[in-house]
Amino acid sequence: MVLEKLSDSLKNTLQKIAGSLFVDEKLINELIKDIQKALLQSDVNVKLVFELTEKIKQRALKEESPKGLTKKEHIVNIVYGELTNFLGKEQRKIEITEKPFKIMLVGLFGSGKTTTAGKLAKYFMKRGFKVALLGLDIHRPAAMDQVKQVGEQINVPVYTNKEIKNAVTIYKIYESEYKKYDVLIIDTAGRDALSEDLIEEIEEVSKAIEPNESLLVISADIGQAAQKQAEQFHKSCGITGVVITKMDGTARGGGALTACAVSGAPIKFIGVGEKVDDMEQFNPPGFVGRLLGMGDLEALLEKAKESMQMTEEEAEDLGKRFLKGEFNLIDLYEQMQAMKSMGSLSKIAEMIPGFGQLKLPKEMLDVQEGKLEKWRYAMDSFTKEELEDPDIVDANRIERIAKGSGVSSGEVRELLKQYRQSKKLVKMFKGSKGDISKFMKKFGGKLPMGM
Ligand code: GDP
Ligand code: MG
């Protein structure tokens, strides 16, 4: 995951609390020092670190734990809550409110604008929007080719023109085309620094285009210097949000994230790799939850939604049933197939509250393609009643199903075992609905990270 080091130190810190016999001032002071150290190491601004930890400390010392929570759990909740506030509190989504919805990307050289343009195009395409790219980087000769390539890779039309050396002119040439699209993503030119020249160009382009969103693209490797950059761009170009790229490649990402959060410019996406799918919507509660090892069911559902191309309602429904522990064999199969197309199952498991810490049997996470296929065959031989309530399948039926489907009876049994295991785990979510304190209760008052 991104910020792995920070995550490890924060997890260790919380483990320490867990392992202690009782919570006293000395322990809280230790916790505060640990958190400070962890944040400073990921380049978070000193002043910000002290403000944050002071808040945590005061709350930890003064607040009574709410009913049903132990002191330890309450402290973990305080850390979670304050870190979430620190990173912007809640998710700031981009709502496509008109057609064409214009998203303009601005930023310095090499910050990742063109790459992000492709990622955003794919992101909105997956959500069913018709998308086009517009390449207005007139300063770098190779830029137009790059944006063309990006478009080809994801099958999105690209409007650009190598002959013309004025961004507004290029925009105007294709103006009649844009209404064909729901979303128009506009890649612009950068500079080495926020020069007069760049400000002027962005202003001129903004005036002509009137973008619905102006996103500043910042590379995480500049760490806390991101604050100044975000403030400057905000002042001179009126940005509506930030995309922080290269979160995968730097230990300074914590600095960049927190710096942007305090600049007042909402972080909308983070880039976590060079590939076109390596981008996440930025969601502070989920992000901090993962950082602290608490999981992020929302992110999971979001991914499931994309890869299964379900409608929003279906995803919500599946999520709800999943949470309630009311799912049957067909759901399990679909769930697994969805996970399969999302990538490594263990990576996914990390995002589900508790799964990451539960030390699941390895075979449960390693469902191979071949196995899924066999299960599908076997399931074809189940009756509808059996699919809905696999517990009624007895030894006799297992043999018959095996014969009928050409799958070995061992494999049918394995499928049933997998179902029961998953059902058991899912039951643990019942009622917790992502609420951390409730969820912690599910572990018999123990925290998911073994507290
Ligand atoms: P631009 O000059 O702002 O358009 O930047 P580019 O989009 O051309 O990106 C500059 C370099 O950063 C390229 O090599 C990209 O592959 C790389 N890059 C962009 N975003 C990310 C990211 O999220 N993670 C990593 N590791 N590399 C990225
Ligand atoms: Mg570029």
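Values below: all heavy atoms of this structure, side chains included; hydrogens, waters and symmetry mates excluded. As the structure lists them, so they are numbered: ligands from 1, and atoms in each ligand from 1.
Salt-bridge annotation for Asp248 and Lys275: absent, with no side-chain N of the basic residue lying under 4.0 Å from a carboxylate O of the acidic one. Using a 4.0 Å cut-off between charged nitrogen and carboxylate oxygen, Arg191 and Glu196 do not count as a salt-bridge pair. Salt-bridge check for Lys162 with Asp145: passed, with a basic side-chain N closer than 4.0 Å to an acidic carboxylate O. Salt bridge present: Lys122 and Asp277 bring a charged side-chain N and a carboxylate O closer than 4.0 Å. A salt bridge links Glu51 with Lys47: at least one charged nitrogen is closer than 4.0 Å to a carboxylate oxygen.
Remark: minimum distance from atom 7 (O) of ligand 1 to any protein heavy atom is reached at Thr115 OG1, 2.5 Å. Scanning the protein heavy atoms around atom 5 (O) of ligand 1, the nearest turns out to be Gly112 N, 3.0 Å. Shortest contact from atom 22 (C) of ligand 1 to any protein heavy atom: Gly273 O, 3.0 Å. The protein atom (non-hydrogen) at minimum distance from atom 1 (P) of ligand 1 is Lys113 N, 3.5 Å. For atom 16 (O) of ligand 1, the closest heavy atom belonging to the protein is Glu274 OE2, 2.8 Å. Closest to atom 17 (C) of ligand 1 among all protein heavy atoms lies Lys246 CE, 4.0 Å. Scanning the protein for heavy atoms near atom 8 (O) of ligand 1, the closest one is Gln146 NE2, 3.0 Å. Ranking the protein heavy atoms by distance from atom 10 (C) of ligand 1 puts Gly110 O, 3.7 Å first.
Side-chain rings of Phe101 and Phe124 stay apart, their centers remaining 6.0 Å or farther from each other.
For Lys99, the NZ atom counts as densely surrounded, since its 6.0 Å shell holds more than 12 non-hydrogen atoms of other residues, nucleotides or ligands.
Of the N or O atoms in Asp278, none lie within a sub-3.5 Å distance of an N or O in ligand 1. Inclusion of Thr245 in the set of residues having an N or O under 3.5 Å from an N or O of ligand 1 is not warranted. On a distance-only criterion, Thr116 and ligand 1 share no N/O pair closer than 3.5 Å.
Summarising the contacts of atom 4 (O) of ligand 1 with Thr114, Leu108, Leu105, the nearest heavy atom is found in Thr114.
Heavy atoms of Lys119 found under 4.0 angstrom from ligand 1 belong exclusively to the side chain. Counting heavy atoms closer than 4.0 Å to ligand 1, residue Arg140 contributes side-chain atoms (C-beta onward) but none from N, CA, C or O. Using a 4.0 Å cut-off between heavy atoms, Val272 contacts ligand 1 through its backbone alone, with no side-chain atom that close.
In this structure, Asp248 has a heavy atom closer than 4.0 Å to ligand 1. Heavy atoms of Gly249 stay at 4.0 angstrom or farther from ligand 1.
Applying the side chain to side chain contact (heavy atoms under 4.5 Å, CB included) test between Ile270 and each of Thr245, Asn283, Leu257, Val243 identifies Leu257 as the sole match.
The Mg ion (ligand 2) lies at 2.8 Å or more from every N, O or S atom belonging to Thr115.
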Stepwise ring pair (Phe, Tyr, Trp, His ring centres under 6.0 Å) test for Tyr123 and Phe269: CA-CA 11 Å; Tyr123 173 89; Phe269 294 94; 5.0 Å; yes

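Under the 4.5 Å side-chain criterion, counting only non-hydrogen atoms from C-beta, Leu108 is not in contact with Asp192.
By the side chain to side chain contact (heavy atoms under 4.5 Å, CB included) test, Gln149 is found to be paired with no residue, residues two or more places apart in sequence or in another chain being considered.
The atoms of ligand 1 that sit less than 4.0 Å from any heavy atom of Gly271 are 23 (O).
A cation-pi arrangement is present between Lys130 and Tyr181, with the terminal nitrogen or guanidinium carbon under 6.0 Å from the aromatic centre and inside a 45° cone about the axis.
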